[in-house]
Amino acid sequence: MTSTKTAPPSAPSPQQARPDRTERTPRRIAFGQKLSKWDFKLSPYLYISPFFILFVITGLFPIAYTAVISFMDWDLVRNSGTFIGFDQYIYVLTQPKFWIALRNTFSIFLLSSVPQLILAIFIATMLDQNIRAKTFWRMGVLLPYVMAPVAVALIFSNMFGDKYGLINTLLGNIGLPPIMWHSNAFASHIAIATMVNFRWTGYNTLILLAAMQAIPRDYYEAAAIDGANKFRQFTAITLPSLRPTLIFVIITSTIGGLQIFDEPRMYDQFGTGGANSQWLTISLYLYDIGWGQWNFGRAAALAWILFLIILAIGVINMLVTNRLVRDEGSRDGRSRRDRRAAAIAARNDLEHRVGGTVRDDFGSTSTGAATSDTNDKTTEVAR
Amino acid sequence: MTATEPQATTSLNTVAAVTVNAKDPKRRLRSRPVRGSRPGWFVYTALAVVLGSAIFPYYWSLLIGSGDSGTIRDPNMSWIPGGNFIENALTVVNDPAVNFWRALWNSIYSSALIALSVVFFSTLAGWAFAKLKFKGGKWLLIFVVATMAVPMQLGVVPLYILFADLGWTGNIGAIIIPALVTAFGVFWMTQYIQQSVPDELLEAARVDGANSFRTFLTVGLPAARPAAAMLGLFTFVTAWNNFFWPFIVLDRSDPTLPVALSLLQSNHFVDYSIVLAGVLLSTIPLLILFVFAGKQLVSGIMAGAVKG
């Protein structure tokens, strides 16, 4: 900075003295450079600011405000509330309907996401082969994703009709008794889960397929030479390589599955989740509290409860997936903890050899640089 | 890239393939399937079953939607579509309680606006996160990604209060404004730009004297185009199909298509032939979009998807 200010306009500053720059006649260096420096410093913030401004207004502020409202008895007429502490939470948690909705949500979520993901992995594996007309099959698989959930629900609730539905007609044709898809709770969960599976399996298939395509084919060739069959190749190569994508897909389907609203809402023409709340979900219940009973404080409390549930399930999912499907890098049989321990040991070893500068408590800047430097080295060593 | 090099024959997006090749010339060859191993009939049969179940609900709605009100109760129902589709569709279109044309226009207009805005702001922010160094950038990105776990329901109560305060309930703007940016969009573009734009391009632009915004326009935008197209399509589909929030905030007289569909059921709940004709009618615009843009969509997923 100082050098550019004092340098005469005709002479290029040391930073500028690159070989490709010398041929040009530098104009207005002092001002231009200052401007460009500011340009490169400020512009990243400028680029992300529209996103963050909109995001804070329409995303973050409402979330925080929901928390505030959830502690209040909200008055719709005055459009403000009185603070009442945890009463709304206690009210929601003591409602039998809440627990029924929670059970239904979980039942539908499990019935949809588990078969859906297994199917998606299976279909993706088939699409990953050297098949003819790839784009055709891929597009076909994604076809259901285009249809609105409301439309899907209308079609499927028709097919799952108790009296004249297609499924029950087919069951009757092969001599089975009809299933009461609307009055039986579990049957209604299956019907709703089928809608979800119909719409999302193809989407997840393509995401997983994209990840599969990124796996180098060498691995499979090597495995084939070593005598591994297709199944073994799948469990030893495909699944471990898919891990990050699997986590992504599982998390997104968890978030989506626990918020399910459109399908149960449209499953019958009343939209109340069934006469005995057979398929009432948390979102449906939230809508009913908020815009049926017009109690915003309780709706807000329920929204926060739903969020906490999603968060908890997300964390559990991640832990389980981490454990079930091992990391690609841990094929040497060591767990992540072991590897981390080894890396730390190696770093301590290096620090000793470097001469203890890393442990110096005062030279914080040099310490940071040294640590990160040795860190890089040790990860290399650990690999 | 050069004329001597054989072009990729796969349906993978060529732009992405080229950029990958630029880094590692062997990459394309390696990620191609093992040669000479066409799968057997089993794979095609299974895929045909999958495709069949993907198409069947469409066909079913055509079947019922083209019949009359008695079709669904007919035990010996024909598997060939009847001739009443246009009649049923006209019933839907002319139903004053459903406001079909109004809903169609609202859906097109709001979805297009939302998709454009999400793509533009996400590309801009994604470019900054992926290629520009700035203080706190990493943490801001982690923060953005973390908010993806927040359910939409968490914000609806205050948003409703806010829009009611502004007198915007029932206004289509109430569904556009909260959807103008998404955390997923930023994450998606960041991932893609990080993987597909080499740093050398940036440096070259800088050496040539381009300022930051010019670099974004001339280097960032063209490189990000496949992912941007994908994001745009996905956002459009999501916005088009969105139901929960429009259902809460919009008036029944000024709905979007999914809200209009929900009205259709309560008005004609006995007559499924009209309901399903309406369903098909409302799906046709997206189907057309999908058929035209689907190839791009599908190859785009293959090129820029989350590779972890």
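Chain letters run A, B, ... following the sequence lines, proteins first and then strands; every chain starts at 1.
Leu54(A) touches chain B through backbone and side chain together, each having a heavy atom under 4.5 Å away. Of the atoms belonging to Leu60(A), it is side-chain heavy atoms, and not backbone ones, that fall under 4.5 Å from chain B. Neither the backbone nor the side chain of Asn173(A) has a heavy atom closer than 4.5 Å to any heavy atom of chain B. Neither the backbone nor the side chain of Leu289(B) comes within less than 4.5 Å of any heavy atom in chain A. Heavy atoms of Val237(B) lying under 4.5 Å from chain A belong exclusively to its side chain. For Phe236(B), no part sits under 4.5 Å from any heavy atom of chain A, backbone or side chain. Proximity to chain A involves both the backbone and the side chain of Lys135(B), based on heavy atoms less than 4.5 angstrom apart. In this structure, the portions of Leu47(B) lying under 4.5 Å from any heavy atom of chain A include both its backbone and its side chain. Both the backbone and the side chain of Leu286(B) have a heavy atom closer than 4.5 Å to some heavy atom of chain A. Only the side chain of Val186(B) comes within contact range of chain A, judged by heavy atoms closer than 4.5 Å. With a 4.5 Å cut-off on non-hydrogen atoms, Leu162(B) touches chain A through its side chain but not through its backbone. Residue contact with chain B, scored on non-hydrogen atoms closer than 4.5 Å, involves the side chain of Trp291(A) exclusively. No part of Phe120(B) comes within reach of chain A, as not one of its non-hydrogen atoms sits under 4.5 angstrom from that chain. For Ser53(B), the part lying near chain A is the backbone, with the side chain staying farther off; criterion is any non-hydrogen pair under 4.5 Å. For Leu154(A), the parts lying under 4.5 angstrom from a heavy atom of chain B are both the backbone and the side chain. If you measure heavy-atom distances from Trp240(B) to chain A, you find no contacts under 4.5 Å at all.
At least one side-chain heavy atom of Phe290(B) sits under 4.5 Å from a side-chain heavy atom of Leu142(A). Side-chain contact between Asp262(A) and Phe247(B) is absent, with no heavy-atom pair separated by less than 4.5 Å. In this structure the side chain of Val152(A) never reaches within 4.5 angstrom of the side chain of Pro57(B), judged on heavy atoms. Using a 4.5 Å cut-off on side-chain heavy atoms (C-beta onward), Asn241(B) and Arg199(A) make contact. Between Val50(B) and Thr205(A) the shortest side-chain heavy-atom distance does not fall below 4.5 Å. Between Thr147(B) and Phe55(A) the shortest side-chain heavy-atom distance falls below 4.5 Å.
Counting heavy-atom pairs closer than 4.5 Å to chain A, the top-ranked of the candidates Leu140(B), Ile55(B), Asn242(B) is Leu140(B). In terms of non-hydrogen atom pairs under 4.5 Å with chain A, the most contact-rich of Ser212(B), Gly155(B), Ala128(B) is Ser212(B). Chosen from Trp304(A), Phe156(A), Tyr45(A), the residue pairing most often with chain B at heavy-atom distances under 4.5 Å is Tyr45(A). Among Phe122(A), Phe296(A), Tyr65(A), the residue making the largest number of heavy-atom pairs under 4.5 Å with chain B is Phe296(A). Per-residue heavy-atom pair counts under 4.5 Å with chain A were compared for Leu154(B), Val279(B), Thr215(B), Asn211(B), and the maximum is reached by Leu154(B). Top candidate by heavy-atom pairs under 4.5 Å with chain B, chosen from Thr254(A), Ile63(A), Leu143(A), is Leu143(A).
The two residues Thr58(A) and Ile177(B) make their nearest non-hydrogen contact at CG2-O, 3.8 Å. Between Thr66(A) and Pro158(B) the shortest heavy-atom distance is OG1-CG, 3.1 Å. Shown here for Leu51(B) and Gly140(A), the closest heavy-atom pair between the two residues is CD1-CA, 3.2 Å.
How far CZ of Phe134(B) is from CG of Leu46(A): 11.5 Å, rounded to the nearest 0.5 Å. Annotation: the span from Trp60(B) atom CH2 to Leu166(A) atom CG amounts to 4.0 Å, rounded to 0.5 Å. In this structure, Phe216(B) CZ and Tyr47(A) OH are separated by 7.0 Å, a value rounded to the nearest 0.5 Å. A distance of 7.0 Å separates CE of Met148(B) from CD1 of Ile255(A), quoted to the nearest 0.5 Å. Rounding to the nearest 0.5 angstrom, the gap separating the CG atom in Leu287(B) from the CE atom in Met147(A) is 7.0 Å. Here the CG-CD1 distance, from Leu132(B) to Ile48(A), works out to 10.0 Å after rounding to the nearest 0.5 Å.
A distance-only check finds no donor-acceptor pair linking the side chain of Gln153(B) to the backbone of Ser283(A) [under 3.5 Å]. Side-chain atoms of Ser61(B) do not come within 3.5 Å of backbone N or O of Ile155(A) as any donor-acceptor pair.
In this structure, the ring of Phe234(B) has its center less than 6.0 angstrom from the ring center of Tyr203(A). Aromatic pair Phe56(B)/Phe198(A): centroids not less than 6.0 angstrom apart. Ring to ring, Tyr272(B) and Tyr164(A) are not that close: their centroids are 6.0 angstrom or more apart.
The one candidate from Leu180(B), Thr182(B), Val144(B) that meets the side-chain contact (heavy atoms from CB on, under 4.5 Å) condition with Phe51(A) is Val144(B).
Note on ring orientation: taking the six-membered ring where Trp is involved, the planes of Phe244(B) and Phe261(A) are perpendicular (angle over 60°, cut-offs 30° and 60°).
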(request) Would you sort out whether Val157(B) and Trp74(A) count as a side chain to side chain contact (heavy atoms under 4.5 Å, CB included), showing the intermediate values? (result) CA-CA 11 Å; Val157(B) 172; Trp74(A) 193 265; over 6 Å; no
